[in-house]
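Note that this is a predicted model, so its numbers are computed, not measured.
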Number of protein chains: 2
Amino acid sequence: MSATKTCTDYLRPLRDAMDVLGGKWKIPVIMLLSVRERRFKEIQRELGVAAKVLSKELKELESHELVKRTVFDTVPLAVEYSLTDYGRTLEKVIGEIRDWGVHHRERILERV
Amino acid sequence: MSATKTCTDYLRPLRDAMDVLGGKWKIPVIMLLSVRERRFKEIQRELGVAAKVLSKELKELESHELVKRTVFDTVPLAVEYSLTDYGRTLEKVIGEIRDWGVHHRERILERV
DNA sequence: GTAACCGGTTACTCACAGGTTAGTTGCAAC
DNA sequence: GTTGCAACTAACCTGTGAGTAACCGGTTAC
């Protein structure tokens, strides 16, 4: 942290990232979609999240161009959510978080 | 994601990590402390966080052994917060988040 | 003697994230 | 003809994370 850069400057990218990833379900959703694309109900069932909340989270992810929403004109209509290429750039970040989580869990369990 | 592992199993480490890092100020605090150790008021001023909230966050970080609280028997007494070695294992994760934030900010600005 | 700094704590307030329940449209199965 | 699913939306409710303000004991500076 140089003298010319304030702490605020330094923390801003962190805030930016947290804004995009904020909310209880965004990271889990991205993780699910990084494995393969999914339909609305599928995500809902897997995560146990309320439809309203999931809908909101998906919209936010879409607005940041991390997730793509595709409507299939089938009967009954299907909607599929998938990660965009830009969304895929988050896989590394989320992978790191998850790796740390694995490490952390091991650490806690071995201290019993 | 194998057939024998449920999605819940897969997401658990992510949840573990998010539990530890949850709260508006934990990541910023760790980031500050990763540069160098700081005193209470110092952190408070730099982040603009309420004393009550900072106090709580620091206690939680301490309980997870990420941060060490050292009291100096000086006059007036000083309290210094620093990252533990375990806390340092988070630097990589937070670095990744920040890098992504930098990248994201650039992406947004170039689209104007 | 009084104002200010450090490292907090306590009490009060409040916005809002997230949850619950019900409803909608459009089709298909029983 | 009504029950059910997909993919939501609308209305309402609630817990709590976080902020504000006041205060504490100890200390030093003015």
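Nearest nucleotide to the side chain of A:P76, out of D:dT28, C:dG26, C:dT20: C:dG26. Closest to the B:V49 side chain, of the nucleotides D:dC8, D:dC12, D:dG19, is D:dG19. When the nucleotides C:dG7, C:dG18, D:dA7 are ranked by their closest atom to the side chain of A:K41, D:dA7 comes out on top. If you check C:dT20, D:dT20, D:dA7 against the side chain of B:A50, the one that comes closest is D:dT20.
The side chain of B:R39 contributes an N or O atom lying less than 4.0 Å from OP1 or OP2 of C:dG7. B:Y81 has a side-chain polar atom (N or O) that falls below the 4.0 Å cut-off from OP1 or OP2 of C:dG8. Dashed line: the shortest gap from a side-chain N or O of A:R45 to OP1 or OP2 of D:dA7 is not under 4.0 Å.
At a cut-off of 3.5 Å, with distance as the only test, a side-chain donor of A:Y86 or B:H104 sits close to an acceptor on the other residue.
Nucleotide D:dA6 holds its P atom 11 Å from the CG atom of A:L77, rounded to whole Å. Across the protein-nucleic acid pair, A:F40 atom CZ and D:dA6 atom P stand 11 Å apart, rounded to whole Å. Rounded to whole Å, atom P of C:dG26 lies 13 Å from atom CG of A:D73.
Looking at residues 18-29 of chain A, you'll see A:G23, A:K24, A:W25 sit with a heavy atom under 4.0 Å from some atom of DNA chain C. Annotation: proximity of residues 55-71 of chain A to DNA chain D (heavy atom, distance under 4.0 Å) is found for A:S55, A:K59, A:R69, numbered in ascending order.
Taking the ring axis of B:Y10 as reference, the NZ or CZ atom of A:R98 stays within 45° of it and closer than 6.0 Å to the ring centre. Taking the ring axis of B:Y81 as reference, the NZ or CZ atom of B:R39 does not stay both within 45° of it and closer than 6.0 Å to the ring centre.
Contact of the A:K68 side chain with the A:E37 side chain is not registered, since no non-hydrogen atoms from C-beta on lie closer than 4.5 Å.
Heavy-atom distances to DNA chain C give each of A:G48 and B:V79 a nearest nucleotide, and the one nearer the 5′ end belongs to B:V79.
Residues B:L54 and B:F40 share a closest heavy-atom pair of CD2-O, 3.7 Å.
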